[in-house]
2 protein chains.
Amino acid sequence: MGQLLGEFQCRLDEKGRVRLPSSLLRQLNDLGGYNLVINRSVDKCLMLYPKVVWDKIKVKVDKLNPYVKKNREFIRYFYRGATELSPDSSERILVPKALMEYAEIERDLVLFAYNNKIEVWSQANYDAWISDEKGDDFSDIGEEILGSLNDE
Amino acid sequence: MGQLLGEFQCRLDEKGRVRLPSSLLRQLNDLGGYNLVINRSVDKCLMLYPKVVWDKIKVKVDKLNPYVKKNREFIRYFYRGATELSPDSSERILVPKALMEYAEIERDLVLFAYNNKIEVWSQANYDAWISDEKGDDFSDIGEEILGSLNDE
DNA sequence: TAAAGAAGTGGGAAAATTTGGGAATTATTT
DNA sequence: AAATAATTCCCAAATTTTCCCACTTCTTTA
């Protein structure tokens, strides 16, 4: 049951802070609090996890044997950049510079929440992604997943 | 419970010292103190252990029967370069030169903390590693670990 | 459509963190 | 034993982060 949902346009202020939209704050609160963990994700976006969600995933990753090369690489890949965050007294978070650079965020950004996690995109990259019409390519997956919905 | 988390950009000062970021210090403190052990790890990075964590691992390694060749090799592998460290009165540590050379650290470095340990990388090697998009290779491990999350 | 409340923005100022280096101390070399 | 190098202690300046308050904008309601 995915608790987080929404797409939010935000902007860094002078000091590099992002205010979390109040709708998101309410959802986070329901999920267990404002504590967050952020890391690098794929496709040049960042992933923001409610601490509760992060901890669940982390437990599994930590079980992997790091002396196996492939596991080790996965572990690092998963953890890369991972940093704990919590909003300041005005519900703003300060994302580490290195991560901002990775995501190519300068001023405008998008918070894209679904299924217990929040993707963080630069507005530009997000727009490019959205406007890129790749709809047709999903016919097979779409069929498989959603096709069955019509049966019920 | 893995208590350490975070990615920190650091730089050696004139005297070759690294200041431990205060966030990390707080975490170390919670874990049992500022005493550390560092050794050579794989992939040209160093591994920094809180003393408490090191001691636990050490116990296990020391139990290995050294008359088995493979064990013996692992033991050496594990101990190579191991040195005890503790920060000076300004919370800075001085990493042995030989280890710095091994990790190819000249000035800029990254502390990458996860699961109770801290990897120490040269900024250059770390960046190279980060930017290397190897996402697809993990579909199998990722599936196993992250796929199941959606069930709950 | 005015008023009230909620949401979001901006920035001054205090607090905390980080950086840099002088000087004292200890260790090493010759 | 003197000279040199390495390590450590300590303080001060510079930077970053955080706290706090005020202002603007947006939304809702009467």
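Residue numbers begin at 1 in each chain, while the letters A, B, ... track the order of the sequences. In what follows, every heavy atom counts, from backbone to side chain, and hydrogens, waters and symmetry copies are set aside.
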Between the protein and nucleotides 21-26 of chain D, which nitrogen or oxygen pairs come in under 3.5 angstrom?
none

Main-chain N/O of A:Ala82 paired to A:Arg40 side chain as donor or acceptor, under 3.5 Å
no
Tabulated below should be each protein N or O lying under 3.5 Å from an N or O of nucleotides 24-27 of chain C; please produce it.
none

How close or far is atom P of C:dA23 from atom CG of B:Asp88, stated in whole angstroms?
18 Å
May I have the distance from A:Arg17 (atom CZ) to D:dT18 (atom C1'), rounded to whole angstrom?
9 Å
Assess the side chains of A:Glu119 and A:Trp121: does a donor N or O sit below 3.5 Å from an acceptor N or O?
yes
Salt bridge (charged side-chain N to carboxylate O under 4.0 Å, His left out) filter on A:Arg92, not counting sequence neighbours, yields A:Asp13, A:Asp88
Sub-6.0 Å ring centroid separation between A:Tyr126 and A:Phe112
yes
Round to the nearest Å and state the distance from B:Lys97 atom NZ to D:dA6 atom C1'.
8 Å
Any salt bridge between B:Asp30 and B:Arg26, counting N to O under 4.0 Å?
no
When you measure from every atom of DNA chain C, which of residues 8-15 of chain B have a heavy atom less than 4.0 Å away?
B:Glu14, B:Lys15
Going from CG on A:Leu85 to CG on A:Leu99, what distance comes out if it is rounded to the nearest 0.5 angstrom?
8.5 Å
Is the side chain of A:Asn71 donor-acceptor paired with the backbone N or O of A:Asn65 at a distance under 3.5 Å, no angle test?
yes
Are more than 12 heavy atoms, taken from residues, nucleotides or ligands other than B:Gln9, located less than 6.0 Å from that residue's CD atom?
yes
To the nearest 0.5 Å, tell me how far A:Cys45 SG sits from A:Leu111 CG.
11.0 Å
Residues, nucleotides or ligands: over 12 heavy atoms within 6.0 Å of B:Arg11 CZ:
no
Any ion pair linking A:Arg19 and A:Glu91 (charged N to carboxylate O, less than 4.0 Å)?
yes
To the nearest Å, how far apart are B:Glu91 CD and D:dC11 P?
14 Å
Residues at least two apart in sequence or cross-chain that pass salt bridge (charged side-chain N to carboxylate O under 4.0 Å, His left out) with B:Glu14, listed by chain then number, are B:Arg107
Please state how far atom CG in A:Leu94 lies from atom P in D:dC19, giving the value in whole angstrom units.
12 Å
Less than 4.0 Å between a side-chain N and a carboxylate O, is that true for B:Asp43 and A:Arg72?
yes
Do any N or O atoms of the protein come closer than 3.5 Å to N or O atoms of nucleotides 16-18 of chain C, and which pairs are they?
residue: C:dT17; atom: OP1; partner: B:Arg26; partner atom: NH1; Å: 2.6
residue: C:dT17; atom: O3'; partner: B:Ser22; partner atom: OG; Å: 3.4
residue: C:dT18; atom: OP2; partner: B:Arg19; partner atom: NH1; Å: 2.6
residue: C:dT18; atom: OP2; partner: B:Ser22; partner atom: N; Å: 2.9
residue: C:dT18; atom: OP2; partner: B:Ser22; partner atom: OG; Å: 3.3

